[in-house]
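All chains are named by letter (A, B, ...) in the order of the sequence lines, taking the proteins before the strands, and each is independently numbered beginning at 1. Computed from a prediction, not measured in an experiment: that's the story for all the values here.
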Number of protein chains: 2
Amino acid sequence: MTYDSAFSALACGTRRAILRDLAGSAKTVGLLAQTLPVSRPAVSQHLKVLSDAGLVTVTPKGTRNLYALNPQGLAQVRAYLDEMWSDALTAFAAAAQDMAQETPSNDEN
Amino acid sequence: MTYDSAFSALACGTRRAILRDLAGSAKTVGLLAQTLPVSRPAVSQHLKVLSDAGLVTVTPKGTRNLYALNPQGLAQVRAYLDEMWSDALTAFAAAAQDMAQETPSNDEN
DNA sequence: TCTTACGGTAAGTAATGACTTACGATTCTG
DNA sequence: CAGAATCGTAAGTCATTACTTACCGTAAGA
């Protein structure tokens, strides 16, 4: 999994809709296509993107393929944002402190 | 902020590099462009995308513009993934339970 | 075996995206 | 006021993407 592939996968609304559908339970391609406003091949292509990004898993069941969310992939993306978020907070706090030091208690304008 | 704009913004490596640069402290456009392998106008365009996505804030300082991470925007994206992640875990657990019920202690194949 | 269901892939298209260089607007400085 | 610095925007280009229809392989059922 790369951050490029993961975030690119999440950038498309159709793929996020697919993930939302899979959040309840694992589903086949045709079943997903029925609830979506795009063709079945389109769903198939989206699922390949999601699979390459490590966000979903596939398990063949006879002639049909069962797709499910991959908690590991989601966890990695989550971890990335967690780190950046904490950095943002510390930088935010540092900036606030700098601001306070520039105008210490009395503002001279 | 829309999830479309936020994830699309995060999908580009150059923009993630910009966010990483901003994680330390707020910076100007030219300063960011110096450390990146793209032109300054490119950085300016990326910053507009990040700003529209709510991931970055701007504060004009004379002729230069100071860009900083926006913790709120990052928090929203984080919340989205958090929800989907928990759903993925419950679905995962439910699938495991179904699997166990289909082959109860002895597997008949 | 023949047929049917299911799904991946090929090929083509219209739209979007990530860049570049060139230019214009605005604000400090001498 | 003149010049320089900083930045946003316009315009153009090449690559990628999100779809479509058409086709092919493969597993289940009569």
Query raised in the report: Between dT20(D), dG7(C), dC19(C), which one does the side chain of Thr14(B) approach most closely?
Result: dC19(C)
Query raised in the report: With distance as the sole test, does Asp21(B) use its side chain to make a donor-acceptor pair with the main-chain N or O of Leu32(B) at under 3.5 Å?
Result: no
**Report entry** Listed nucleotide nearest any side-chain atom of Val29(B), set dC7(D), dC19(D), dA18(C)
**Finding:** dC7(D)
Query raised in the report: Counting only side-chain N and O atoms of Tyr67(B), is one of them less than 4.0 Å from OP1 or OP2 of dG8(D)?
Result: yes
Query raised in the report: Is any N or O donor-acceptor pair between the side chain of Arg15(B) and the base of dG17(C) shorter than 3.5 Å?
Result: no
Report summary line: note: Leu47(B), atom CG; dA18(C), atom P; distance rounded to Å ~ 13 Å
Query raised in the report: Please give, in whole Å, the distance from dC7(D) C1' to Leu31(B) CG?
Result: 14 Å
Report task. Name the closest nucleotide to the Ser44(B) side chain, picking from dC6(C), dG8(C), dT9(D). Result -> dT9(D)
Query - Residue Thr63(A), side-chain atoms from C-beta onward, closest of dC19(D), dA5(C), dT6(D) - result: dA5(C)
**Report entry** Gap between atoms NZ and C1', on Lys48(B) and dT16(C) respectively (whole Å)
**Finding:** 16 Å
Query raised in the report: How is Thr28(B) classified with respect to the nucleic acid when contacts are heavy atoms under 4.0 Å: base, sugar-phosphate, or nothing?
Result: sugar-phosphate
Requested in this report: Report yes if a side-chain nitrogen or oxygen of His46(A) is closer than 4.0 Å to either non-bridging phosphate oxygen (OP1 or OP2) of dC19(D); otherwise report no.
Outcome: yes
Query raised in the report: In whole angstrom, what separates Ile18(B)'s CD1 from dA18(C)'s P?
Result: 11 Å
Query raised in the report: About how many Å separate CZ of Arg40(B) and CD of Gln34(B), when rounded to the nearest 0.5 Å?
Result: 11.5 Å
Requested in this report: Output the single nucleotide from dT20(D), dC19(C), dT9(C) whose closest atom is nearest the side chain of Gln45(B).
Outcome: dC19(C)
Query raised in the report: Under 4.0 Å between a side-chain N/O of Asn65(A) and OP1 or OP2 of dG8(C), yes or no?
Result: yes
Report task. Compare the minimum distances between each of dA5(D), dC19(D), dG8(C) and the side chain of Arg40(A), then state the nucleotide with the smallest one. Result -> dG8(C)
Query raised in the report: Closest nucleotide of DNA chain D for Ala42(A) versus for Gly62(A): which of these residues is on the 5' side?
Result: Ala42(A)
Query raised in the report: Is a side-chain donor or acceptor of Arg64(A) paired with a backbone partner of Gly30(A) at a separation under 3.5 angstrom?
Result: no
Query raised in the report: Between Leu50(B) and Ala9(B), which heavy-atom pair has the shortest distance, and what is it?
Result: CD2-CB, 4.0 Å
**Report entry** Rounded distance (Å) that lies between atom P of dG8(C) and atom CG of Asp52(A)
**Finding:** 12 Å
Report task. Rounded to the nearest angstrom, tell me the gap between atom CD in Gln34(B) and atom P in dC7(D). Result -> 10 Å
**Report entry** Spacing between Leu32(A) atom CG and dC6(C) atom C1', to the nearest angstrom
**Finding:** 13 Å
Requested in this report: Check every atom of dT20(C), dG8(C), dC19(C) against the side chain of Pro41(B) and return the nucleotide holding the closest atom.
Outcome: dT20(C)
Query raised in the report: So which nucleotide from dT9(C), dC7(D), dT20(C) ends up closest to the side chain of Ser39(B)?
Result: dT20(C)
Query raised in the report: How long is the line joining CZ of Arg64(B) and P of dT6(D), in whole Å?
Result: 5 Å
Query - Heavy-atom closest pair, residues Leu89(A) and Pro71(B) - result: CD2-CB, 3.7 Å
Requested in this report: Go through Leu81(A) and Leu10(B) one step at a time and tell me if the side-chain contact (heavy atoms from CB on, under 4.5 Å) criterion holds.
Outcome: CA-CA 10 Å; Leu81(A) 287 177; Leu10(B) 289 166; 4.2 Å; yes
